Amino acid sequence: MSTFLDRLLGRVKLGGWLALVAPLLAILFAVVITSIVLLATGKPPLETFNALAQYGSQPRTMAVIVNTGTEYYISALAVAIGFRMNLFNIGVDGQYRLAAVVAAGVGGAALLPGVLNIILIVVVAVVVGALWAAIAGLLRVTRGVSEVISTIMLNSIATGIGSWLVTNYFGVLKGNELATKEIPQDSRVPGMALIPGTQLQVTGFVVVAIILGIAYYVLLNRTRFGFELRATGQSESAAIASGISVKKMIVVTMVVSGVVAGLIGMPELLGASYKYSTNFPTGLGFTGIAIALLGRNNAVGMAIGALLWSFLDNSSDTLQLLDISKEIVAIMQGVIVLSVIIAYELVHRYRIVAEQRRVSRELATPQQAEGAAA
Amino acid sequence: MKILYGMQRPDEGEIKVDGSPVTFHTPGDAISHGIGMVHQHFMLADNLTVLENVILGSEPRRGGVAVDFRAARKKIKEISDAYGLAIEPDLPVEELGVGARQRVEILKVLYRGARILILDEPTAVLVPQEVDELFDNLRGLVREGLTILFISHKLDEVLRVADAITVIRRGTTVATVDPKDVTARRLAELMVGSELPSPETRESTVTDVVALAVRDLTVRTAAGRTIVDGATFEIRKGEVLGIAGVEGNGQAELVEAIMGMRAGSTGTITLAGEDISQWSTLKRREAGIGYIPEDRHRHGLLLESPLWENRILGHQTRRPNSKGVWVDRAGARADTRRIVDAYDVRTPGIEVDAAALSGGNQQKLIVGREMSGDPVLLIASHPTRGVDVGAQAAIWDHLRTARAAGLAVLLISADLDELIGLSDSLKVILRGRIVADIDPTSVTPERLGSAMTGAGEGA
């Protein structure tokens with residue numbers, strides 16, 4: 001198989017497009033696997049994909065896709081910041097839910113008027129997310145607790161604290177639904193009628209998500225902090241030798257991740273439901289992990305991944321019309337993530353080998369080349 | 001060599017074993033054709049016993065699941081006795097010395113049925129006495145009909161041990177010679193292609209100004225074991241202080257303590273008159289300590305980052321790499337080009353990953369990086385280890401030039417010729433203590449070697 005890969009890719013020049021090969025391979029692979037699953041259950045694959053595409057391209061669905069995708073994207077960014085440093089913030093889920101509960105409670109109290117209240121809500125969410133994430137960071141540097149373990153546990157604790165806060169402090173019983181007080185009309189973030197042909201507006205947070213995406217890119221690639229973060233992620237030992245305080249980086253990175261996580265619930269809170277109830281979306285943090293993997297922690301890649309994921313999620317309902325279980329989409333999502341990981345690993349290994357060859361070839365031909373000592 | 005061991009595939013050409021052509025896709029293929037490799041860096045798990053290390057990955061089975069330790073122990077004993085390797089299968093590897101570890105590595109490949117052994121720089125970590133033992137072992141193996149491919153930069157060793165010598169330069173075979181008809185000088189010329197680099201430094205450039213003063217530096221492990229014990233020394237501007245010692249006698253820890261990378265060290269470190277004992281690694285680097293780490297892959301490079309990002313590493317807070325909180329990409333790139341030119345780093349460009357360069361070129365990049373920004377002190381740990389002769393000569397030249405310009409250098413090396421040739425003064429470290437001062441002008445590698453093992457008195 002690897003000789004096949006060599007032959008397949010060995011003669012191509014390395015270019016930026018190689019980065020496209022992996023995701024395309026992955027999606028192709030996912031389509032093949034899903035088709036097999038569909039055929040095995042006696043359903044026609046082509047029609048299924050067609051139905052998904054048809055439904056997904058309707059204006060209303062497109063607006064929904066963008067709205068959910070916005071939340072997915074912010075979540076993926078929060079996860080990716082940690083990933084770039086080999087820090088597995090599995091706790092994005094708990095961070096955004098706790099942040100949303102507290103922010104909803106504070107916002108519903110309408111302590112400040114209008115836009116000021118929006119700012120207050122966002123600041124509260126960000127601070128809560130950051131603090132909650134910081135716990136895991138501090139545990140890691142002071143006690144050596146793996147952030148994977150601590151954040152998973154903190155997720156459960158966040159759930160508990162959230163419902164305790166709603167039940168005892170923030171909650172108002174309306175009908176038989178217990179929810180926080182609605183955020184007043186003048187403190188809501190308006191949507192935008194971006195997609196023609198539908199009444200459904202696109203959340204204003206799409207702008208925030210785009211800004212966050214750019215900020216993510218700039219932070220990682222243009223700032224010293226980003227360099228230190230990536231260096232630590234690539235080689236902790238080299239980072240230490242270079243005078244980077246790994247402990248500080250861990251705490252700060254967790255906090256930054258938590259800050260972004262705090263924003264995940266904002267499109268919903270400020271743009272859709274205006275309150276925190278049992279209907280508030282859960283599990284976005286885990287979706288974020290999948291999308292960060294899917295988009296390879298790349299700002300644009302994750303945006304595409306978030307939209308793809310959102311498309312699959314939102315179009316799955318239509319499958320029931322064809323009498324196909326909508327869970328087929330979950331299978332597809334899982335297969336895509338797995339195949340992306342595998343495809344990138346293959347392309348990545350290939351790239352290292354190819355680059356070594358390229359260097360020795362370029363050095364060997366024009367001038368006198370360096371003997372490969374090792 | 002990587003190709004022979006199946007770690008890389010050749011673009012063209014063929015490999016024949018016992019006359020029949022073979023292709024290797026993985027090291028496993030190579031092993032199944034009887035080719036085994038002993039790596040320069042030992043690949044042993046310290047916390048396992050010799051026995052466990054040897055059988056790891058090819059455990060003899062009993063009943064399908066259970067590991068048959070008895071059979072393995074017997075086989076190891078047999079091999080050890082047959083080739084005179086003197087290996088105790090049940091000792092944990094962490095209790096073994098370097099020479100014994102190497103024998104374990106050799107046994108590991110023999111255990112897998114290798115008839116052809118590739119030894120990559122096997123003497124790099126050994127003192128002369130251990131080298132002699134190794135060579136005795138190797139001769140024993142050859143007598144038993146094994147074939148050994150001995151890869152080394154050390155000419156005298158090659159001359160002593162080999163039955164036939166092939167010189168490879170820049171990836172092509174330059175010559176195949178008979179060791180009986182060739183002198184070390186001739187061999188070196190073949191390797192370098194021109195003059196033999198000599199590590200001799202010219203006139204002394206030592207000044208009276210102390211750049212680094214270390215007093216009673218003691219390093220303990222978390223478990224309380226003392227690794228560096230009361231080290232005291234001074235390095236003046238323009239002086240190269242060499243630290244000789246068998247590896248694992250505290251050199252690495254000494255360096256890490258001076259770099260501020262190691263918790264649990266006591267004593268005072270003074271750099272250019274300022275007490276830096278409590279400073280962070282970053283602050284020490286900013287104060288002008290350059291650091292060529294012992295293991296460039298672990299401590300010196302981001303292998304999967306382009307060269308210009310590697311230029312930033314360790315200098316991320318300083319110009320031309322950064323401006324305030326921002327990385328100065330243009331500045332870093334320009335300065336990387338300067339290093340590539342000035343230090344003759346052979347690369348098609350500065351956008352290639354560090355991993356794509358050969359060891360020598362990686363090292364030249366690191367040397368160039370650590371020499372930039374006017375360092376006061378350079379810590380050079382094994383600066384030419386695993387580096388080809390051309391790069392070695394270049395690195396030595398750079399060290400000499402910098403020394404002449406007033407740089408203080410702390411040189412740690414296992415290459416005794418390098419130590420003696422470059423150092424203005426030499427200290428021997430043994431079990432964490434500095435046990436002897438040696439005048440590099442009057443010592444021979446043999447005498448230094450015995451001081452390092454504690455067998456004799458320092459000259």
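Both backbone and side-chain heavy atoms feed into the values below; hydrogens, waters and symmetry mates do not. Small disclaimer: the values here were computed from a predicted structure and weren't measured. Letters A, B, ... mirror the listed sequences (proteins, then strands); counts begin at 1.
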More than 12 heavy atoms of other groups within 6.0 Å of B:Arg319 CZ: no
Please name the pair of heavy atoms, one in B:Thr281 and one in A:Ile240, separated by the smallest distance, quoted to 0.1 Å. CG2-O, 3.7 Å
Going by the rule ring pair (Phe, Tyr, Trp, His ring centres under 6.0 Å), which residues pair with A:Phe225 if we only count those two or more places apart in sequence or in a different chain? none
Most contacts with chain A, counted as non-hydrogen pairs under 4.5 angstrom, among B:Gly349, B:Gly300, B:Ser305: B:Ser305
May I ask you to name which of B:Arg296, B:Lys323, B:Arg329, B:Met259 has the most heavy-atom pairs under 4.5 Å with chain A? B:Arg329
Tested for side chain to side chain contact (heavy atoms under 4.5 Å, CB included) against A:Arg224, the lone hit among B:Thr317, B:Asn321, B:Asp328 is B:Thr317
What's the separation between atom CG in A:Asn221 and atom CD in B:Glu309, rounded to the nearest 0.5 Å? 7.5 Å
B:Ser322 versus chain A, the contacting section by heavy-atom distance below 4.5 Å: side chain
Structural part of A:Glu228 lying under 4.5 Å from a heavy atom of chain B: side chain
Starting at CZ of A:Arg230, measure out to CG of B:Leu313 and round the result to the nearest 0.5 Å. 11.0 Å
Answer yes or no: is there a side-chain heavy-atom contact under 4.5 Å between A:Ser235 and B:Arg298? no
Do you know the tightest heavy-atom contact between A:Ser237 and B:His299? O-CD2, 3.3 Å
Honestly, the part of B:Val352 sitting under 4.5 Å from a heavy atom of chain A is both
Provide the closest heavy-atom pair for B:Leu302 versus A:Gln234 in the form atom of the first, atom of the second, distance. CB-OE1, 3.2 Å
